[in-house]
Amino acid sequence: MDAKLLVGGTIVSSTGKVRADVLIENGKVAAVGMLDAATPDAVERVDCDGKYVMPGGIDVHTHIDSPLMGTTTADDFVSGTIAAATGGTTTIVDFGQQLAGKNLLESADAHHKKAQGKSVIDYGFHMCVTDLYENFDSHMAELTQDGISSFKVFMAYRGSLMINDGELFDILKGVGSSGAKLCVHAENGDVIDRIAADLYAQGKTGPGTHEIARPPASEVEAVSRAIKISRMAEVPLYFVHLSTQGAVEEVAAAQMTGWPISAETCTHYLSLSRDIYDQPGFEPAKAVLTPPLRTQEHQDALWRGINTGALSVVSSDHCPFCFEEKQRMGADDFRQIPNGGPGVEHRMLVMYETGVAEGKMTIEKFVEVTAENPAKQFDMYPKKGTIAPGSDADIIVVDPNGTTLISADTQKQNMDYTLFEGFKIRCSIDQVFSRGDLISVKGDYVGASGRGEFIKR
Ligand code: DUC
Ligand code: ZN
Ligand code: ZN
Ligand code: ZN
């Protein structure tokens, strides 16, 4: 039998922390408790004294090897998942795009082919629904049966990805009847397109204009509208990448009336200043993310949303486009810059630093929003997201006395920049276990290639 004993660490869950050992057998957590004396000497020990022992991170929002905005994201399932693993993430749920001229089944197959035998960590998929066709809802039901039990729609990007309100209603009905979940990108795309066109006509063509073209109200209005449509369809939904105070308030108000809306925000909205948009030259393009970074008042509201539970998940929205690629596509027109940035590698570290080390959330909340809630929201709990007997042994050992410096020079993501350049993190992720296999040691990947398994959810 393949066994390991993690000895003497402090195990953290959403509800507390306790000093205990963890026995891993055949890739699963076999027992938690004071196990050292009773465990045969032959079992390998991992000394976790003074360390946190936590569930591996679960990032439910990545775009790996994905065609978007006329180009393709820079990480494939090898580089993207090695980056995830070394940063303490042991599971991703990745967005597969509906491909041009292809139905949802064909598109999901194509995404499977990209991941199979390449991903080094366990992975699930959501499918984006961008082009409705006759029997799309039966295909959604079939995918749900096959373990792809969540979908995404865009209320922005008319002409490519956007669906209209009637289609949102239809898709909600579809996911409702098949028991799946709908993720919603909430922005008023038509208003954004008009503001952007006006700005461009005034000669404001540079990358910083991206922020002005997507004001907070463009998110808040779409969130409010989507909640109302979801009530009419009698099917709840999950908002991705919320960035504004008003959006959090809309979600909290719905939750208070008993309507189970759920929502995530992302690492960058909680940790980065919008000041990058004021920088000269093309530098602001690095933060051409959608939605854009917001002011401090929005950031403060997002932290309140995390701590009240209105926001239950922090994802990375890892959607990597190289700086050189952004320049190639959007040098003369900010609207052509592909929207997105890297983040899967640094989500856990940055959330530890800006949340736990800076005192904005407890270590228990850290585990809740980076692992436990993502698993619960997307039907992977308690296989994933907790350290309990029977769960997959997806575990990170974190040294709160360690330090980590984030830099593009050393990152594993296939990227020429990171938004978190120069961040000094007051912890180190010393070991990462995936189904009991040691796969990363102090930021270096040490696992086998292609070992990840598709998670049917
Ligand atoms: N939405 C995402 O979720 N990722 C990148 C771009 C976008 O609009
Ligand atoms: Zn989106
Ligand atoms: Zn995204
Ligand atoms: Zn590059």
Side-chain angles (χ1 to χ4, degrees), residues 58-75 80 84 89 92-98 111 123-130 150-163 168 171 181-193 196 207 210-211 213-214 218-220 222-223 226 237-244 247 262-269 272 285-294 311 313-322 325-326 329-330 334-345 347 374 377-378 413 415 419:
I58 300 179
D59 193 343
V60 293
H61 190 154
T62 61
H63 304 262
I64 310 265
D65 203 347
S66 196
L68 270 171
M69 292 190 74
T71 179
T72 304
T73 55
D75 278 303
T89 287
I92 58 170
V93 184
D94 192 72
F95 284 96
Q97 288 297 124
Q98 185 179 356
H111 213 54
Y123 60 96
F125 295 151
H126 322 272
M127 284 304 295
C128 296
V129 185
T130 53
S150 45
F151 299 86
K152 179 184 179 185
V153 292
F154 294 82
M155 298 171 77
Y157 304 107
R158 182 173 290 282
S160 54
L161 306 173
M162 181 166 154
I163 49 126
L168 173 56
I171 295 169
K181 180 173 225 131
L182 190 64
C183 304
V184 175
H185 172 130
E187 283 187 309
N188 187 316
D190 284 339
V191 171
I192 286 168
D193 288 348
H210 176 78
E211 179 203 21
R214 307 183 104 90
S218 65
E219 176 176 89
V220 182
V223 165
L237 55 76
Y238 174 98
F239 287 111
V240 291
H241 53 50
L242 292 188
S243 65
T244 59
S262 46
E264 69 177 25
T265 187
C266 306
T267 325
H268 38 273
Y269 304 119
L272 295 176
K286 292 180 179 172
V288 169
L289 315 164
T290 293
L293 302 176
R294 306 292 187 188
L311 301 173
V313 170
V314 177
S315 71
S316 69
D317 197 359
H318 180 76
C319 192
F321 300 108
C322 281
E325 180 72 349
K326 290 189 175 219
M329 295 188 69
F334 70 93
R335 297 171 297 179
Q336 305 304 322
I337 301 170
N339 292 185
V344 73
E345 183 169 346
R347 179 184 67 119
Q377 283 288 338
F378 291 99
Q413 299 166 151
M415 282 293 291
L419 289 160

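Below, all heavy atoms of this structure are taken into account, side chains as well, without hydrogens, waters or symmetry copies. As the structure lists them, so they are numbered: ligands from 1, and atoms in each ligand from 1. For clarity, every value in this text was computed on a predicted model and none was experimentally measured.
- Between the side chain of Lys326 and the main chain of Phe321, no donor-acceptor pair closer than 3.5 Å is present.
- The NE2 atom of His241, the Zn ion (ligand 2) and the NZ atom of Lys152 define an angle of 120° (nearest 10 degrees).
- Within the 4.5 Å cutoff, side-chain heavy atoms of Val240 are placed close to those of Phe95.
- Under 2.8 Å from the Zn ion (ligand 2) lies no N/O/S atom of Ala156, from backbone or side chain alike.
- The closest side-chain donor-acceptor pair between His63 and Asp75, if any, does not fall under 3.5 angstrom.
- Using a 4.5 Å cut-off on side-chain heavy atoms (C-beta onward), Tyr238 and Val60 make contact.
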Discussion item. Applying side-chain hydrogen bond (donor to acceptor under 3.5 Å, both in side chains) to Arg347 and Thr267, what does each step give before you reach the verdict?
Written reply: CA-CA 6 Å; Arg347 179 184 67 119; Thr267 325; 5.5 Å; no
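- Side-chain atoms of Asn339 and Tyr157, non-hydrogen and from C-beta on, do get closer than 4.5 Å to each other.
- Separation of the Tyr269 and His241 ring centroids does not fall under the 6.0 Å cut-off.
- Taking 4.0 Å as the cut-off, His61 counts as a neighbour of ligand 1 on heavy-atom distance.
- Only side-chain heavy atoms of Tyr157 come within less than 4.0 Å of ligand 1; its backbone N, CA, C and O stay farther off.
- The NE2 atom of His61 and the NE2 atom of His63 subtend an angle of 110° at the Zn ion (ligand 3), given to the nearest 10 degrees.
- Every atom of ligand 1 is numbered from 1 in the order shown, and the set under 4.0 Å from a heavy atom of His241 is 1 (N), 2 (C), 3 (O).
- Looking from atom 6 (C) of ligand 1 to the surrounding protein, the closest heavy atom is Asn339 O, 3.4 Å.
- Annotation: side chain of Leu161 is in contact with side chain of Leu68 (closest heavy-atom distance under 4.5 Å).
- Nearest to atom 4 (N) of ligand 1 among the protein's heavy atoms is Asp317 OD1, 3.0 Å.
- Sorting the N, O or S atoms of Asp317 by how far they are from the Zn ion (ligand 3) puts OD1 first.
- Ring geometry for Tyr123 versus Phe125: interplanar angle of 30 to 60°, hence tilted.
- Residue contacts with ligand 1: His63 is placed with a nitrogen or oxygen under 3.5 Å of a nitrogen or oxygen of the ligand (distance criterion only).
- His185 has its closest N, O or S atom to the Zn ion (ligand 2) at the position named ND1.
- Protein heavy atom closest to atom 3 (O) of ligand 1, with residue, atom name and distance, is Lys152 NZ, 2.7 Å.
- Interface of His185 with ligand 1, defined as ligand atoms under 4.0 Å from a residue heavy atom, comprises 1 (N), 7 (C), 8 (O).
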